[in-house]
Engineer: 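Have a look at the structure that comes next, please.
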Amino acid sequence: MSHHSSHHSSHHSSHNYQEPEPAGGIVPAIARLPRRTVFKWFVAVAAALQLGDTQVFGAEPIPSVPPLIPPITAKGYGSDPQLNKFYTPGDAWPLTLSKAQRAAAIALADVILPADDLGPAASQVRVIDFVDEWVSAPYPGQLNDRAIILPGLDWLDAEATKRFGALFAALKPEQHKALCDDICFEAKAKEELKAGAKFFSKFRSLASAAYYATPDGWKAIGYVGNVPSLTYDGPPPEVLAKLGVVQTVK
Amino acid sequence: MPIIKAEEATKDYDVIIVGSGAGGGQMAFTLTLAGIKCLMLEAGRAYDPVAETPMFQRNDQAPLLGSQTPDKQFFGFHDATIDGGWQMEAEPYTQASDKPEEQFWWWRARMLGGRTNHWGRISLRNGPYDFKPKTRDGVGLDWPIGYDDVEPYYTKVEQLIGVFGSNEGLENTPNSPDGVLQPPPKGRAGELLAQKHGKTLGIPIIPIHRAVLTQRLDADNLPAKLFPGNAWAQKIVGDAMRLRAACFWATPCGRGCSIGANYQSTTVHLPPALATGNLDIVANAHVREVLLGADGKATGVLFIDKLTGKDVRVKAKAVVLAASSGETVRIMLNSKSTLFPNGIANGTGLVGKNIMDTVGTSLQGQIPALENLPPYNEDGAGGSHFYAPWWLYKEAEKLGFPRGYHIEMGATRGMPGGGNPLPDDLGAGAYGSKYKQEARRYYGSFMGFACRGEMIPNDNCFVELDSTVKDKWGVPVLKWHWKWSEHEQRMCDHAEKTFKDLIGAMGGTVRSVTNGRNRIDPGGKIIHEVGGAIMGTSAKTSVCNGYNQTWDVKNLFLVDGTPFPSNADKNPTLTIMALSWRAGDYIVDQAKKGML
Ligand SMILES: Cc1cc2nc3c(=O)[nH]c(=O)nc-3n(C[C@H](O)[C@H](O)[C@H](O)COP(=O)(O)OP(=O)(O)OC[C@H]3O[C@@H](n4cnc5c(N)ncnc54)[C@H](O)[C@@H]3O)c2cc1C
Ligand code: SF4
């Protein structure tokens, strides 16, 4: 992986981002960073990437990582890791999200996966630890996601500050909704929010990949397996009836 | 599992077996139980599924939620495969063409048991047509043997490893003798729905055959059937069978099975072979070449002890190669001598030719009828329960492609986590409780259908040694040449239309984007690579005879996929094992006659 100082695809430089107004009293950390640089780069990256394509091996990581995304120096777990063991985020490599990024991520994950009658909120099942582990991993697919998620979280705080004068985590539910409604569906997002929408889509995908991997997530989605049993009975009568099929294996 | 060091392999061995997967495991089993002293050389490390398999681990208990990475390239973190994949740093391979469609994906595993630790366990017999394809339709190559030659060995292998399935009496889809197959598991919701609608389209969707024990093996009676009159062998095999539990209907088979309820060489073949006292295994033994004596017979092999980097020579009366077909070819081509300047047993120049994979293409559908089903357990036997054997033998002439494919299908309510359950287009921007409801609604409503079809060998698919690139130990690597022919492309056109019809009949919509002629999976991608040293009726047109014995070197045998002159749509491993057992019996017979 190479770390050039940021050079951007020039065809994206026509996007004209507004500097957020520094809001009274709250000056987010991000406001001290060269945001124009981050945003342009973020848009370029989001456009260049095929989202969700983490399964293509040998895919080169994004070549141009701006200096404010700290590089990953950890090694992978290798081709012979111990398998019959229980891992927790942080075991395989260090977590790298900043405090501010974690705060934004926890809040966003809870907006996407709130506590309700289907189960607990994302924060109650440590979803952010998994997302942090993911974006801190040394593999090409995850490095690509890192290049979307980290600037995306920074952008989220900046956008929240611009619109409501507070960091994303500090927003009220209706403010969360107002912001998320604008970026929750990439196909319908306004041109200037497309990059934010791409980030949202990737984040939702990672957060739910984590949420539904947990026992609470299993309940929420309706998975009832991973338990040993003496017999396999197949679909129960109500499932067969709903589908209009009969069990053909006696 | 008892493994010896490289420097301890000094006994007077009768037979050296290279590779410990399906072919090598079966050979070790057959020979050691006949009292033959064997040395098995395995390039990977020792591996014990009983101690190492992650059975009930959840995805949130693995790095990256268990997803695939360049370190764990197939089923993800919990996959049984270690030190293997499409690419291995220590052992590269090269491509003759830089066009993606002319490249071969070569999957390898470097561990005791090879790919049998994580394979899909689909175990289909070839039918009578599959041994004489050229006679039937004029293309490709016939086998020198027929179904009747192999049938007794299919039965024996099924009895030993345990295969579930049903006898449906369909064309070229052989029944097993009564009582040989284990009972098939119940159909799952999506499988039953596909079966119902398949019927209206004339597609027979029936229980698949997989090497999973749906009940314990009959250890009191099977050993006597396998080894009549041999009380010693019966005792060893019976004891090994008693150590295997029945499937407990949880935990994916691709992780391997610590209770021995499915077939992997490391739980089924190697324990009884070791119990005979006739087997030594050296792990981390990277075989470079077969050594040749002045009399034109193999004298042993040269391997690199990966732990020390040293060359080691071991001797035996016969050598059996079972390193997986690509690797067996590589070893043969690297075994150069004055007698065989182009590689051992390669007088014809046919070693490396006629490489085949399975024709693969797939389509995913979303089936509204499967939405919001009452939750129920679909883990089952850790893999598919149903499939459709090829059903259009009578229409081959009309179809425009001569051979058939079977349909594998994947449904649906598997262990979640590690991926987004709700694609963005279906979610339409949902977040919050709406997202959770939609995820639950769609969970289990996606079904994939895959074509697994017969490729006809062609002159553009072969391997040779790369003239410059070497692996970490200085051994020349393979260069792959690949090109699908029109037969395979047309088959994929047909399969895609079939899947669209089936998904449509189920009331669903097609999810995947289809991509014209590129829809065919790359060569090697289905990991059914066979051929490269085909068997035939004459030393002029083939590398070995019908007993997997090379024509040129009488004490050299090839018992992986290399001798296959055709690659039926049926997945190859059951046939590899049946032929390996048969070749083993032949070796025992030859040894008794003093012919080796
Ligand atoms: C994901 C997956 C799913 C599959 N599903 C199915 C299925 O459902 N049904 C089916 O029929 N087939 C399936 N297959 C294919 C099946 O795994 C192979 O056909 C089978 O394992 C072949 O057995 P083998 O003995 O030829 O090779 P392997 O099982 O690969 O064993 C070869 C062994 O030789 C060793 N070796 C290699 N080179 C050397 C060397 N130079 N020196 C010493 N040792 C060496 C290797 O390390 C390995 O252990 C699947 C494969 C994969 C990867
Ligand atoms: S599904 Fe059954 S056979 Fe497969 S790994 Fe689990 S227990 Fe073993």
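The figures that follow rest on heavy atoms only: side chains count, while hydrogens, waters and symmetry mates do not. Residue numbers start from 1 in every chain, and the chains themselves are labelled A, B, ... in the order their sequence lines are given, proteins ahead of strands.
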Engineer: Heavy-atom distance under 4.5 Å to chain A: side chain of B:Lys436, backbone, both or neither?
Structural biologist: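 Looking at B:Lys436, backbone and side chain both touch chain A.
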Engineer: Identify which of A:Ala137, A:Cys180, A:Gly76, A:Ala197 forms the greatest number of heavy-atom pairs closer than 4.5 Å to chain B.
Structural biologist: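 Sorted descending by pairs with chain B, the first entry is A:Cys180.
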Engineer: Quick one: CZ on A:Arg204 to CG on A:Leu108, what's the gap to the nearest 0.5 Å?
Structural biologist: 10.0 Å
Engineer: Can you find a side-chain donor-acceptor pair between B:Asp48 and B:Thr266 that sits under 3.5 Å?
Structural biologist: no
Engineer: Examine whether an atom of B:Pro207 lies under 4.5 Å from a heavy atom of chain A, and if so say whether it belongs to the side chain, the backbone or both; otherwise answer neither.
Structural biologist: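 Contact with chain A involves the side chain of B:Pro207 alone.
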Engineer: Give a yes or no on this: more than 12 heavy atoms of other residues, nucleotides or ligands lie within 6.0 Å of atom NZ of A:Lys250.
Structural biologist: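 Above 12, so yes.
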Engineer: Among the options B:Ser258, B:Pro374, B:Ala369, B:Gly444, pick out the one with the most heavy-atom pairs lying under 4.5 Å from chain A.
Structural biologist: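 Option with the top pair count is B:Pro374.
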Engineer: Check B:Asp425 with B:Arg511, please: is the shortest side-chain N to carboxylate O separation under 4.0 Å?
Structural biologist: yes
Engineer: Non-hydrogen atoms of chain A under 4.5 Å away: do they reach the side chain of B:Phe386, the backbone, both or neither?
Structural biologist: side chain
Engineer: Under 4.5 Å heavy-atom distance to chain A, tell me which part of B:Ala430 shows up: side chain, backbone, both or neither.
Structural biologist: backbone
Engineer: Examine whether an atom of B:Ala246 lies under 4.5 Å from a heavy atom of chain A, and if so say whether it belongs to the side chain, the backbone or both; otherwise answer neither.
Structural biologist: neither
Engineer: CD of B:Glu89: more than 12 outside heavy atoms within 6.0 angstrom?
Structural biologist: no
Engineer: Report the option among A:Leu240, A:Val246, A:Leu243 that has the most heavy-atom pairs separated by less than 4.5 Å from atoms of chain B.
Structural biologist: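 Counting heavy-atom pairs under 4.5 Å, the top option is A:Leu243.
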Engineer: Please name the pair of heavy atoms, one in B:Leu65 and one in A:Ala213, separated by the smallest distance, quoted to 0.1 Å.
Structural biologist: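 Looking at all heavy atoms of both residues, the closest pair is CD2-CB, 3.8 Å.
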Engineer: Heavy-atom pairs under 4.5 Å with chain A are the metric here; pick the option from B:Pro375, B:Ala439, B:Gly432 that has the most.
Structural biologist: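 Going by pairs under 4.5 Å, I would pick B:Gly432.
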Engineer: Given heavy-atom pairs under 4.5 angstrom as the criterion, report whether the side chain, backbone, both or neither of A:Phe86 touches chain B.
Structural biologist: both
Engineer: Go through B:Phe248, B:Trp249, B:Phe56 and name the one with the most non-hydrogen pairs under 4.5 angstrom from chain A.
Structural biologist: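 The candidate making the most pairs under 4.5 Å is B:Trp249.
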Engineer: Sort B:Glu438 into side chain, backbone, both or neither according to what part of it lies under 4.5 angstrom from a heavy atom of chain A.
Structural biologist: neither
Engineer: Is the shortest distance from a Lys or Arg side-chain nitrogen in A:Asp182 or A:Lys177 to a carboxylate oxygen in the other one below 4.0 Å?
Structural biologist: no
Engineer: Please tell me whether A:Tyr77 and B:Lys72 have a donor and an acceptor in their side chains that are separated by less than 3.5 angstrom.
Structural biologist: no
Engineer: Check for a donor-acceptor pair, side chain of B:Tyr93 on one end and backbone N or O of B:Trp106 on the other, with a separation under 3.5 Å.
Structural biologist: yes
Engineer: Is a donor from one side chain sitting under 3.5 angstrom from an acceptor on the other, for B:Asn59 and B:Gln61?
Structural biologist: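 Result is no, nothing qualifies.
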Engineer: Side chain, backbone, both or neither: which part of A:Ile183 has a non-hydrogen atom closer than 4.5 Å to chain B?
Structural biologist: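 No part of A:Ile183 comes within 4.5 Å of chain B.
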Engineer: Salt bridge or not for A:Glu133 and A:Arg146, using N-O below 4.0 Å?
Structural biologist: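 Not counted as a salt bridge, because no side-chain N and carboxylate O are separated by less than 4.0 Å.
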Engineer: Heavy atoms only, distances under 4.5 angstrom: which of A:Ser229, A:Pro81, A:Ala92 has the most pairs with chain B? Name it, please.
Structural biologist: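 Top count of heavy-atom pairs under 4.5 Å with chain B: A:Ser229.
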Engineer: Heavy-atom pairs under 4.5 Å with chain B - which of A:Tyr139, A:Trp93, A:Phe130 has more of them than the others?
Structural biologist: A:Tyr139
Engineer: Between B:Glu378 and B:Arg188, is a salt bridge (Lys or Arg N to Asp or Glu O under 4.0 Å) present by the stated rule, with each step listed?
Structural biologist: CA-CA 6 Å; B:Glu378 283 202 338; B:Arg188 301 179 178 99; 5.1 Å; no
Engineer: Side chain, backbone, both or neither: which part of A:Leu230 has an atom under 4.5 Å from a heavy atom of chain B?
Structural biologist: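 Contact with chain B: backbone only.
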Engineer: Set out, in order, the CA-CA distance, both residues' side-chain angles and the distance that settles salt bridge (Lys or Arg N to Asp or Glu O under 4.0 Å) for B:Asp79 and B:Arg255, then state yes or no.
Structural biologist: CA-CA 5 Å; B:Asp79 186 332; B:Arg255 300 175 175 197; over 6 Å; no
Engineer: Using a strict 4.0 Å threshold on nitrogen-to-oxygen distance, state whether A:Asp91 and A:Lys85 make a salt bridge.
Structural biologist: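 Result for this pair is no, no salt bridge flagged.
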Engineer: Heavy atoms only, distances under 4.5 angstrom: which of A:Gly217, A:Gly244, A:Pro215, A:Ala209 has the most pairs with chain B? Name it, please.
Structural biologist: A:Ala209
Engineer: Name the option with the most non-hydrogen atom pairs under 4.5 Å to chain A; the candidates are B:Gly84, B:Ala381, B:Ser67.
Structural biologist: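 Among B:Gly84, B:Ala381, B:Ser67, the one with the most close pairs to chain A is B:Ser67.
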Engineer: Which answer fits A:Ala187, side chain, backbone, both or neither, if we ask what part of it has an atom under 4.5 Å from a heavy atom of chain B?
Structural biologist: neither
Engineer: Report which part of A:Thr88 has an atom under 4.5 Å of a heavy atom belonging to chain B: side chain, backbone, both, or neither.
Structural biologist: neither
Engineer: Heavy-atom distances under 4.5 Å only: say whether A:Lys188 touches chain B with side chain, backbone, both or neither.
Structural biologist: neither
Engineer: Highest number of heavy-atom pairs under 4.5 Å with chain A: which of B:Gln57, B:Arg413, B:Lys196?
Structural biologist: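 Among B:Gln57, B:Arg413, B:Lys196, the one with the most close pairs to chain A is B:Gln57.
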Engineer: By a 4.5 Å heavy-atom criterion (distance strictly below it), what part of B:Arg441 contacts chain A: side chain, backbone, both, or neither?
Structural biologist: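 Neither part.
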Engineer: Going by the angle between their ring planes, with limits at 30° and 60°, are A:Phe168 and A:His176 parallel, tilted or perpendicular?
Structural biologist: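 Ring orientation, 0 to 90° scale: tilted.
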Engineer: Please flag which part of B:Ser433 lies under 4.5 Å from any non-hydrogen atom of chain A: side chain, backbone, both or neither.
Structural biologist: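 For B:Ser433, heavy atoms of backbone and side chain both lie under 4.5 Å from chain A.
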Engineer: Heavy-atom pairs under 4.5 Å with chain B: which of A:Gly234, A:Pro228, A:Gly225, A:Ala207 has the most?
Structural biologist: A:Pro228
Engineer: Sorted by first residue and then second, give each salt bridge (charged side-chain N to carboxylate O under 4.0 Å, His left out) pair with at least one member in residues 224-242 of chain A; sequence neighbours left out.
Structural biologist: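 Matches after skipping sequence neighbours: none remain.
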Engineer: State, without any angle test, whether B:Asp71 and A:Ser79 hold a side-chain donor-acceptor pair at a distance under 3.5 Å.
Structural biologist: no
Engineer: Against chain A, label B:Ala428 side chain, backbone, both or neither, depending on which of its atoms sit under 4.5 Å from a heavy atom there.
Structural biologist: both
Engineer: Between A:Val125 and chain B, which part of the residue has a heavy atom less than 4.5 Å away: side chain, backbone, both or neither?
Structural biologist: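 A:Val125 has no heavy atom closer than 4.5 Å to chain B.
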Engineer: Need one label for B:Thr214: side chain, backbone, both or neither, based on atoms under 4.5 Å from any heavy atom in chain A.
Structural biologist: neither
Engineer: Check each atom of A:Asn226 against the heavy atoms of chain B and say whether the ones under 4.5 Å are side chain, backbone, both or neither.
Structural biologist: both
Engineer: If you count heavy-atom pairs under 4.5 Å between each of B:Met415, B:Lys434, B:Gln437 and chain A, which one has the most?
Structural biologist: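 It is B:Met415.
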